[in-house]
Protein chains: 2
Amino acid sequence: MFSKACEYAIRATLHIAQESLKGRRVGLKEIAEAIDSPVAFTAKILQILSRNNIVQSLKGPTGGFEIEHGQIAHTKLSQIVFAIDGDKIYQGCGLGLSKCDAEKPCPVHFQFVAIRDEMQRMLEETSVLELAEGLEQGLTFLKR
Amino acid sequence: MFSKACEYAIRATLHIAQESLKGRRVGLKEIAEAIDSPVAFTAKILQILSRNNIVQSLKGPTGGFEIEHGQIAHTKLSQIVFAIDGDKIYQGCGLGLSKCDAEKPCPVHFQFVAIRDEMQRMLEETSVLELAEGLEQGLTFLKR
DNA sequence: TTAATACAGGATAAATTTGTCTTAAAATAA
DNA sequence: TTATTTTAAGACAAATTTATCCTGTATTAA
């Protein structure tokens, strides 16, 4: 569904959010450990998230990653997905046609639009805060 | 959503179905032309579809690919997707966890299950016949 | 000021997916 | 039977994605 990079991005963001809510800043290695991801690759992804201002990074001792408190409730999954994978999840024909729309649709155009719309709605409605709370309550998990 | 291979597979199958309904057998080159796909790669995919008995192939002059008439109405998109991409579309955690279920879910488990179930239902309900008919009626297109 | 710590960024490498090429095998028709 | 046509299959190559490594830069605390 998503690229590996995007999966790591969501997991990393949720872990940072969870720690930020507790007033803690987290380092790269701690993040990679918490979400069970390759450290160096995770660093690349965090760079992108930082450039897109989805997370904030601070260098030096006591540095690390965090998310502004006020931001956590407003950041939606859709922003993370868009930062990493772009809009190809919403755009783009399900059968790979270079162009495909209601005027001149591929054979599965309308079926796919229905599912993609639901996916988009879900990503835009789901906030980092609510998911981080599920983690904090021990209801959900970031690695297994 | 799907791999390139899977996209070609669906497009190729639909073209073969469309021609089979008209009593015509189609060669590899004609298929690749009709769906605008790389010939040699399409050949590989057709091999897989043939081995999985989703299409039938015949060698030699007048040979080519076809689908048994009785089969066209019964073949569902899900069979094509499964033959090429396996069950990783239905299985597998949305965030890439090695294990993820209702007992110990990832943070987006239930949101993803809902969307995946709808996708699965759609793939299992959509037949090659109905899509080939849309093509034959000029309502839908396999290349653009 | 200096040493240590932690992220940033570029180069590089491994793995996977996508795609090509060549030869073999099968089948038809002359 | 033989020449021709067409798919089958394996080896190979290109492109993309995933992942690593090394050096630079910023920051903090002593």
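Below, read A as the first sequence line, B as the second, and so on, with proteins coming before strands; counting in each chain starts at 1.
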(message) At less than 4.0 Å, is any side-chain N or O atom of B:Y8 found next to OP1 or OP2 of C:dG19? Yes or no.
(response) yes

(request) Look at the side-chain N and O atoms of B:Q47 and state whether any lies under 4.0 Å from the OP1 or OP2 oxygen of D:dA9. (result) yes

(request) Rounded to the nearest 0.5 Å, what's the gap from CG on A:L49 to CD on A:Q79? Could you check? (result) 11.0 Å

(request) Give every residue pair that meets the ring-ring contact (aromatic ring centres under 6.0 Å, His included) criterion with at least one member in residues 79-126 of chain B, sequence neighbours excluded. (result) A:F2-B:F112

(message) Tell me the closest heavy-atom pair linking B:S20 and B:H69, and the distance in Å.
(response) O-CE1, 2.6 Å

(request) Taking only the side-chain heavy atoms of B:P38 (C-beta and beyond), determine which of D:dA19, C:dA8, C:dG19 contains the nearest atom. (result) C:dG19

(message) Does anything in residues 52-68 of chain B come within less than 4.0 Å of DNA chain D? Heavy atoms only, and list the residues if so.
(response) B:S57, B:L58, B:K59, B:G60, B:P61, B:G64, B:F65

Rounding to an integer number of Å, can you tell me how far [X] [atom1] sits from [N] [atom2]?
{"X": "B:F2", "N": "C:dT18", "atom1": "CZ", "atom2": "P", "result": "13 Å"}
{"X": "B:F41", "N": "D:dA8", "atom1": "CZ", "atom2": "C1'", "result": "16 Å"}
{"X": "B:R51", "N": "D:dA9", "atom1": "CZ", "atom2": "C1'", "result": "8 Å"}
{"X": "B:L49", "N": "D:dA9", "atom1": "CG", "atom2": "C1'", "result": "16 Å"}
{"X": "A:I35", "N": "D:dA19", "atom1": "CD1", "atom2": "P", "result": "11 Å"}
{"X": "B:I16", "N": "D:dT6", "atom1": "CD1", "atom2": "C1'", "result": "14 Å"}
{"X": "B:I84", "N": "C:dT17", "atom1": "CD1", "atom2": "P", "result": "13 Å"}
{"X": "A:E7", "N": "D:dT17", "atom1": "CD", "atom2": "C1'", "result": "13 Å"}

(request) Under the side-chain contact (heavy atoms from CB on, under 4.5 Å) rule, what do B:L131 and B:I10 come out as? Steps first, then yes or no, please. (result) CA-CA 10 Å; B:L131 299 183; B:I10 294 173; 5.5 Å; no

(message) B:R24 and side chain to side chain donor-acceptor pair (under 3.5 Å): which single residue from B:E30, B:E66, B:E19, B:Q18 fits?
(response) B:E19

(message) Donor-acceptor check, side chain of B:R116 to backbone of B:G92, threshold 3.5 angstrom: yes or no?
(response) yes

(message) Under 4.0 Å, counting only non-hydrogen atoms across every strand here, what does B:R25 touch: a base, just sugar-phosphate, or nothing?
(response) nothing

(message) Regarding B:K29, tell me which of base, sugar-phosphate or nothing describes its non-hydrogen contacts under 4.0 Å with the strands shown.
(response) nothing

(request) State whether the distance check finds a donor on one side and an acceptor on the other, under 3.5 Å, for side chain B:K44 versus base D:dA8. (result) no

(message) Both A:T42 and B:A43 contact DNA chain D. Which one's nearest nucleotide lies toward the 5' end?
(response) B:A43

(message) Please enumerate all residues that pass salt bridge (charged side-chain N to carboxylate O under 4.0 Å, His left out) together with B:E33, with sequence neighbours excluded.
(response) B:K143

